[in-house]
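Everything on this sheet refers to the single structure shown next.
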2 protein chains.
Amino acid sequence: MKPTIYDVAKAAGVSIATVSKVINNTGRISEETKKKVLDVMEELRYQPSVVASALTGKRTYTIGLLIPDLANPFFAEIARSVEDRGQELGFSVVMCSTDNDSKKEAKYISLLKQKSVDGIVLAAGFQNDTVLKELVQEKFPLALIAREIPELAIDSVVLDDFLGGYQVTEHLLSLGHRRIAVLAEKARSSKERIRGYRHALQNAGIEFDQSLILASEATVEKGYRNTVQLLDSSDPPTAIFATNDLLAIGVIQAGRERGIGVPDDLSVVGFDNTILAAIVDPPLTTVAQPIHEMGRQVMDILIQRIEDEKKMKQRVVLLPELVIRKSTKPLQVKK
Amino acid sequence: MKPTIYDVAKAAGVSIATVSKVINNTGRISEETKKKVLDVMEELRYQPSVVASALTGKRTYTIGLLIPDLANPFFAEIARSVEDRGQELGFSVVMCSTDNDSKKEAKYISLLKQKSVDGIVLAAGFQNDTVLKELVQEKFPLALIAREIPELAIDSVVLDDFLGGYQVTEHLLSLGHRRIAVLAEKARSSKERIRGYRHALQNAGIEFDQSLILASEATVEKGYRNTVQLLDSSDPPTAIFATNDLLAIGVIQAGRERGIGVPDDLSVVGFDNTILAAIVDPPLTTVAQPIHEMGRQVMDILIQRIEDEKKMKQRVVLLPELVIRKSTKPLQVKK
DNA sequence: TTGAAAGCGCTAACAG
DNA sequence: CTGTTAGCGCTTTCAA
């Protein structure tokens, strides 16, 4: 059987209170007994039970991470960065892939609460507002990453999506493109990116064309389908801004299939700068999110919140960076 | 404050023992009181504390998943499949990315034990044999996925790597290739794949050339470097078998840089059939691992082990499937 | 069919 | 500086 605090107390000839104190470095213990206890702990390979200590009101040192899909490289990278920072700070993270399904979201949240996690970080795309509001009301430690909910006061770290959309569009405009389509996912961040896009168009005096905006789920498949649709229209775009890399890859594939070369006949820009962007051919011009930094910051913020529920709420906005690769090119004037 | 079992007992006018019994569906309770208790539980939105129940010797319904790197698509997919099955069965999974660092492995294992997880699944590439042996000795519930340790009796679900390597090589041989290099990672599974490769060569009466085997870490970068090295050698291969997709992508990139076209001048085969394989250009001929099935099976096996430590140990071997795409082609005879 | 009570391993007053 | 003790929320005999 695993040794308990009683075992080490007995072996060290002290009380469990004393052992507890040396474990937690609280109270005042003579160097001598402290050393003895430490020695015994080592000898017995004693490890305090987090479960027991949690029951007395202490932390579980575990947080939940809700993301749409762990198999999506963008979220996998977010998860990794959150996990890394958690590890550094002594927190474990339990993974919850929700598939943007509000049922699963609710189920996971409920599960996490039963398990007394110390806090939860929510990544992009949380559908279930009701559950969220409850969490906020009961002041459950929460932090958002790559996701904003303007109407709720929740700590969050986000990318400046507006700027990202703006940068993309400006880049495309500078290459001479005027007819720029947007493949968007149905998330709020996409709306911001589109807003940036519109703003850039406006600055350039170009009229916004709603028919150029297509919304769908964030998959290669959808990117492909929507691109086919665009390409088959009477007045196809010369550039496509996909609000994530997966969609952008779908664009490239559709182009290839239709004999529309990227970037020669069609420029395409992605978003997120996932590992995929560097791997597709042509390598994707895309917007880099500082994922590692974001993961680090949510964890820090969440843990601050856990430690002090009255701490000022904050929203950290990080800036995107346009990574120009080979999928965009000056517009060829038709001869 | 969150309601406890006492709150519902009081509100229902029964003892906590009774409440406990209806929660766990144990003992004999009259339909009447059962209903009352259930109602009260609902009304109070009571959720039993997993922490408290774990302290009395019950499960935590949490398992640990150790993988090299969550940001690697192959492992992300494994993680997702494990998580999915866990979710179905009521288990949470806490993620641990080890970077194949035996220090981190030991640290994570220790942490997981402190948190009283019910079991651990270990994915490919566990360095720290000492820790592992201890775990086995103390009969800690363990299961391996995509990883075999012949000298240790541990439940595991693996791919038939030998067959995978054989299939790849046979395919390449059938295309007329005779000089086939291998980029391997330093894992046992790679050794098996190489064994399959050698076996296929032998069957074809081709002599094995050790200089054609290069080992490294599993990154695009390493694949690139090693390919450059091969290409610059006096007698370069006409085909390269990379033991995972990441390496294979490095091969393609190196080829592109050197003006060696894939598949025209060089055939390349990957392994794992990650999302990347479908996305690179040319799409990668690769070996598909039934990841979803593997994840499902490890979880099932692990949970069986948790429930009955004396259950027969087993090793499930799933079969690979060669997915032929565009990165391989019959050898061009030089004119 | 129900409930009283002992304990799971640990923490935190409080006393000494 | 150290120990006694009362919980934390739940499960599980054992009586009633």
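Chain A is the first sequence line, chain B the second, and so forth, proteins listed ahead of strands; every chain is numbered from 1. Just so we're clear, the structure is a prediction, and the values are computed from it rather than from any experiment.
For the pair B:I306 and B:F91, the minimum side-chain heavy-atom distance is below 4.5 Å.
Among the atoms of the strands shown, only primed sugar atoms or phosphate atoms (P, OP1, OP2) are found under 4.0 Å from some heavy atom of B:V14. Residue contacts for B:T33: at a heavy-atom cut-off of 4.0 Å it reaches the sugar-phosphate backbone alone, with no base atom in range. A:V19 comes within contact range of no nucleotide atom at all, as no heavy-atom separation falls under 4.0 Å.
In this model, the phosphate group of D:dT11 is approached by a side-chain N or O of B:S20 to a distance below 4.0 Å at OP1 or OP2. Between A:T18 and D:dG3 there is a side-chain N or O to OP1 or OP2 distance below 4.0 Å.
Mapping B:G57 and B:A17 onto DNA chain C by nearest heavy atom places B:A17 at the nucleotide closer to the 5' end.
In terms of polar N and O atoms assigned as donor or acceptor, the side chain of B:K21 comes within less than 3.5 Å of the base of C:dG3 in a complementary pairing. Interface remark: the B:Y6 side chain does not form any donor-acceptor pair with the D:dC8 base, using a distance-only criterion of under 3.5 Å.
Summarising the geometry, the separation between NZ on A:K58 and P on C:dT11 is reported as 6 Å, rounded to the nearest angstrom. Nucleotide D:dT4 holds its P atom 14 Å from the CD1 atom of A:I5, rounded to whole Å. Counting to the nearest Å, the C1' atom of C:dA13 and the CG atom of A:N24 are 14 Å from each other. Counting to the nearest Å, the P atom of C:dC8 and the NZ atom of A:K2 are 15 Å from each other. In this entry the distance linking CD1 of A:I23 with C1' of C:dT11 reads 10 Å, nearest Å. B:K10 places its NZ atom 20 Å from the P atom of C:dT2, with the value rounded to the nearest Å. The separation between B:N25 atom CG and D:dT12 atom P is 13 Å, rounded to whole Å. Across the protein-nucleic acid pair, B:E31 atom CD and C:dT2 atom P stand 10 Å apart, rounded to whole Å.
Using a 4.0 Å cut-off between a side-chain N of Lys or Arg and a carboxylate O of Asp or Glu, A:K35 and A:E42 do not qualify as a salt bridge.
Among B:R305, B:Q314, B:K313, the one residue that satisfies the side-chain hydrogen bond (donor to acceptor under 3.5 Å, both in side chains) test with B:D155 is B:R305. With A:I291 as the partner, the side-chain contact (heavy atoms from CB on, under 4.5 Å) test is satisfied by one option alone out of A:I78, A:T274, A:V82: A:I78.
Listed nucleotides: D:dG3, D:dG9, C:dG3. Nearest to the side chain of B:S15: C:dG3. Closest to the side chain of B:L55, from the set D:dG9, D:dC10, C:dG3, is D:dG9. Relative to the side chain of A:T56, the nucleotides D:dC8, C:dA12, D:dT11 differ in distance, and D:dC8 lies closest. Each of D:dT4, C:dT1, D:dT2 was ranked by its minimum atom distance to the side chain of B:R28; first place goes to C:dT1. Ranking C:dG9, D:dT5, C:dG3 by closeness to the A:I16 side chain, first place goes to D:dT5.
Summarising the geometry, atom CE belonging to B:M299 is positioned 10.5 Å from atom CD1 belonging to B:I145; distances are rounded to the nearest 0.5 Å. Rounded to the nearest 0.5 angstrom, A:D272 CG and A:L159 CG are separated by 8.5 Å.
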